[in-house]
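The structure under discussion appears below in the form of C-alpha cells.
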Amino acid sequence: MKKILLIFASIILFSCASTPETPVEEEPVKEEVQEKVSITEVRNKAYSAMEKALGIKANVAVKEDYADAEKMFNEAESLDASDPESAAKAALIYMDAETAFNSVYDKAFEKRENALKELEMAKEEIKAVEEEAEKTESGPEGGAE
C-alpha cells in the first residue's frame, strides 16, 4: 500500500512540476519589437526636430545647415528598417539628424532674434530722427515771433 501511495504521490508531483518553458523564441521577438520601437522613437524625435526647425523657417535662414540635416534624415529614411543592421544604422543617423535639426533651429532662432533686435533699434532711430525733425520744424523759439 505504501508503494502505491508513493507512486501516486510521485506521479502527482511530476505531473504538476513541469519543466519551465524557455523563452528562447520570445526574446528575439522582444528585441525586434524593442528595436522597432526605438527606431520609431528616434525617427519621431528627428521628425519633430525637423518640424520645429521648419516652424521658424530655418530652411530659409540657414539653408545649407538645414539641407545637411535633411539629407541625413532622408538617408535614414531610405534604409531598410526590417534588416537589423540597417535599422541600427538608421537609428544612429536619425539621432544625428535630430541633433543637426536642433542645431539648425538654434542658429535660425538666434538669427531671428538678432534681426528683431536690429529692427527694434532701427524703429527707435527713426522715432528719434522724427522727433528731432519736429523740433527743427517748430524752431528753437518754440514758434513765437
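As the structure is a computational prediction, the values presented were derived from the model and not from experiment.
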>> Let me check something: do I93 and V104 share a hydrophobic cluster, defined by ILVMFWY side-chain heavy atoms less than 4.5 Å apart, either directly or through other members?
In response: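 Different clusters: I93 never reaches V104 through Ile, Leu, Val, Met, Phe, Trp or Tyr contacts under 4.5 Å.
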How many angstroms lie between atom [atom1] of [X] and atom [atom2] of [Y], to the nearest 0.5 angstrom?
X	Y	atom1	atom2	answer
E98	N44	CD	CG	10.5 Å
Y47	L54	OH	CG	8.5 Å
F109	K52	CZ	NZ	9.5 Å
I39	S82	CD1	OG	9.5 Å
K63	K57	NZ	NZ	13.5 Å

> What are the two closest non-hydrogen atoms of F101 and A53, and how far apart are they?
Replying inline: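 Scanning both residues completely, I find the closest heavy atoms to be O-CB, 4.0 Å.
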> Can you name the nearest heavy-atom pair linking D80 to S86, along with the distance?
Replying inline: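 Nearest heavy atoms, D80 then S86: O-CB, 3.0 Å.
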Sequence neighbours left out, cut at 3.5 Å: what donor-acceptor pairs do the side chains of residues 64-77 make with other protein atoms?
{"residue": "D65", "atom": "OD2", "partner": "K107", "partner atom": "NZ", "Å": "2.8"}
{"residue": "N74", "atom": "ND2", "partner": "E70", "partner atom": "O", "Å": "3.3"}
{"residue": "E77", "atom": "OE1", "partner": "R43", "partner atom": "NH2", "Å": "3.3"}
{"residue": "E77", "atom": "OE2", "partner": "R43", "partner atom": "NE", "Å": "2.7"}
{"residue": "E77", "atom": "OE2", "partner": "Y94", "partner atom": "OH", "Å": "2.3"}

For a quick test of your reading: what N or O donor-acceptor pairs under 3.5 Å do the side chains of residues 110-124 make, sequence neighbours left out?
{"residue": "K111", "atom": "NZ", "partner": "A61", "partner atom": "O", "Å": "2.8"}
{"residue": "N114", "atom": "ND2", "partner": "E110", "partner atom": "O", "Å": "3.4"}

